[in-house]
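The block underneath contains the structure these notes are about, expressed in structure tokens.
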Amino acid sequence: MQAAIFVSGSGTNCENIIRHFTASERHSIALVVSNRSDAYALERARRLGVPTAVVPKAQLADAAVVLPLLESHGVDFIVLAGFLPMVPEMLIDAFPRRIVNIHPSLLPRHGGKGMWGHHVHEAVRAAGDTETGISIHYVTPVCDGGDIIAQFSCAVAPTDTPDDIAAHVHELEMEHFPEVLEQLWDGMQAG
């Protein structure tokens, strides 16, 4: 599988995924795309020898920009790792069930528009949830509404702050996201 990772921020998940597949003979990260030229994820990718591209939000829905870029790198799967813009339907149609996202809660709780990053962890704390986690799911036109591929949970202590919750969730992301991708891609290639 030749994958592109779409990012908007610092890129810890992006780097973790790239490192996971560095020695793989079956799968590789062919490209890292960001909607922001100042996303630190681009620097992480460059240091690891992965090509990068910036596609501003205004150009994201332009098939004449995005599709040739992905095609030129042989991309057949897209991973969203902290990518904030909604994925345009044109891209979802071009990659049916070949775009996945990671969300920092146990969907359907705390998902949807505006629910990303610290907003999610603050909502978990405000709701008094006793557990949270990560959801890896297919991307559809409905924000955080695609079929769930895998979920992993962690306890939320009454004394946990949103920062504590973020740290617990980040551990789950680092541990599980690359492995779920590998299992998914192995299954797709076997089928």
Side-chain angles (χ1 to χ4, degrees), residues 1 3-14 16-17 29 32-36 39 41 55-61 66 70 75 77-156 160 162-185 187-188:
M1 198 66 63
I5 303 176
F6 281 35
V7 294
S8 294
S10 71
T12 53
N13 270 308
C14 177
N16 190 40
I17 293 165
I29 307 306
V32 171
V33 176
S34 182
N35 60 304
R36 294 180 38 211
V55 178
K57 188 176 175 183
Q59 294 181 336
L60 193 59
V66 178
L70 298 174
V75 171
F77 200 95
I78 298 171
V79 177
L80 308 183
F83 187 68
L84 299 183
M86 284 292 292
V87 175
E89 284 195 47
M90 168 277 300
L91 202 51
I92 294 169
D93 291 344
F95 290 83
R97 290 184 74 85
R98 287 181 172 258
I99 306 175
V100 298
N101 181 46
I102 187 166
H103 185 79
S105 76
L106 298 173
L107 291 174
R109 291 187 62 75
H110 312 298
K113 193 165 176 59
M115 294 305 288
W116 54 272
H118 227 66
H119 302 288
V120 174
H121 309 310
E122 290 166 357
V124 167
R125 175 73 286 143
D129 292 354
T130 57
E131 74 170 356
T132 190
I134 60 171
S135 300
I136 300 165
H137 65 92
Y138 289 106
V139 173
T140 68
V142 177
C143 185
D144 297 326
D147 292 341
I148 292 171
I149 299 163
Q151 289 183 311
F152 301 92
S153 63
C154 58
V156 177
D160 280 348
D163 285 341
D164 295 330
I165 295 167
H168 300 319
V169 167
H170 191 65
E171 286 177 24
L172 292 176
E173 293 171 344
M174 294 294 106
E175 181 180 352
H176 297 291
F177 199 15
E179 289 177 357
V180 169
L181 291 172
E182 187 165 17
Q183 291 167 6
L184 179 65
W185 296 342
M188 292 172 77

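Among residues two or more places apart in sequence or in another chain, the ring pair (Phe, Tyr, Trp, His ring centres under 6.0 Å) test is passed with Trp185 by Phe21, His27, Phe77. Shown here are the salt bridge (charged side-chain N to carboxylate O under 4.0 Å, His left out) partners of Glu122, two or more places apart in sequence or in another chain: there are none. Listed by chain and number, the residues in a side chain to side chain contact (heavy atoms under 4.5 Å, CB included) with Arg125 are Val156, Asp160, Pro162, Ile165 (sequence neighbours excluded). The side-chain hydrogen bond (donor to acceptor under 3.5 Å, both in side chains) search around His170 returns Glu173, not counting sequence neighbours. For Asn16, the side-chain hydrogen bond (donor to acceptor under 3.5 Å, both in side chains) criterion is met by no residue, not counting sequence neighbours. Partners of Ala81 according to the side chain to side chain contact (heavy atoms under 4.5 Å, CB included) rule, which considers only residues two or more places apart in sequence or in another chain, are Ile5, Val7, Asn13, Phe177. For Pro141, the side chain to side chain contact (heavy atoms under 4.5 Å, CB included) partners are Glu89, Ile92, not counting sequence neighbours. Not counting sequence neighbours, Thr12 has no partner by the side-chain hydrogen bond (donor to acceptor under 3.5 Å, both in side chains) test. In this structure, the side chain to side chain contact (heavy atoms under 4.5 Å, CB included) partners of Gln59, at least two apart in sequence or on a different chain, are Val55, Pro56, Val65. Under the side-chain hydrogen bond (donor to acceptor under 3.5 Å, both in side chains) criterion, Thr132 pairs with no residue at all, not counting sequence neighbours.
Rounded to the nearest 0.5 Å, atoms CG (Asp163) and NE2 (His121) are 9.0 Å apart. Distance check, rounded to the nearest 0.5 Å: CD1 of Ile29 to CE of Met1 gives 10.5 Å. Summarising the geometry, atom NE2 belonging to His176 is positioned 10.5 Å from atom CD belonging to Gln183; distances are rounded to the nearest 0.5 Å.
In this structure, Ser8 and Asn35 approach most closely via the heavy-atom pair OG-OD1, 2.6 Å. When all heavy atoms are compared, the tightest approach of Leu60 to Pro85 is CD2-CB, 4.0 Å. Closest of all the heavy-atom pairs between Gly133 and Leu172 is CA-CD1, 3.7 Å. Closest approach of Gly111 to Met115, counting heavy atoms only: O-CG, 3.5 Å. Considering all non-hydrogen atoms of both residues, Ala4 and Leu70 come closest at CB-CD2, 4.1 Å.
Listed by first and then second residue, the ring-ring contact (aromatic ring centres under 6.0 Å, His included) pairs that reach into residues 82-102 are Phe6-Phe83, sequence neighbours excluded.
Without hydrogens or angle criteria, Ser34 side chain to Ala39 main chain gives no donor-acceptor distance under 3.5 Å.
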Would you mind writing out the side-chain donor-acceptor pairs for residues 96-109 within the sub-3.5 Å range, not counting sequence neighbours?
unit_1	atom_1	unit_2	atom_2	d
Arg97	NH1	Asp147	OD2	3.1
Arg98	NH1	Asp76	O	3.1
Asn101	ND2	His137	NE2	3.2
His103	ND1	Asp144	OD2	3.4
His103	NE2	Ser105	OG	3.2
His103	NE2	His110	O	2.8
Ser105	OG	Arg109	O	2.6
Arg109	NE	Asp129	OD2	3.3
Arg109	NH2	Asp129	OD1	2.5
Arg109	NH2	Asp129	OD2	3.2

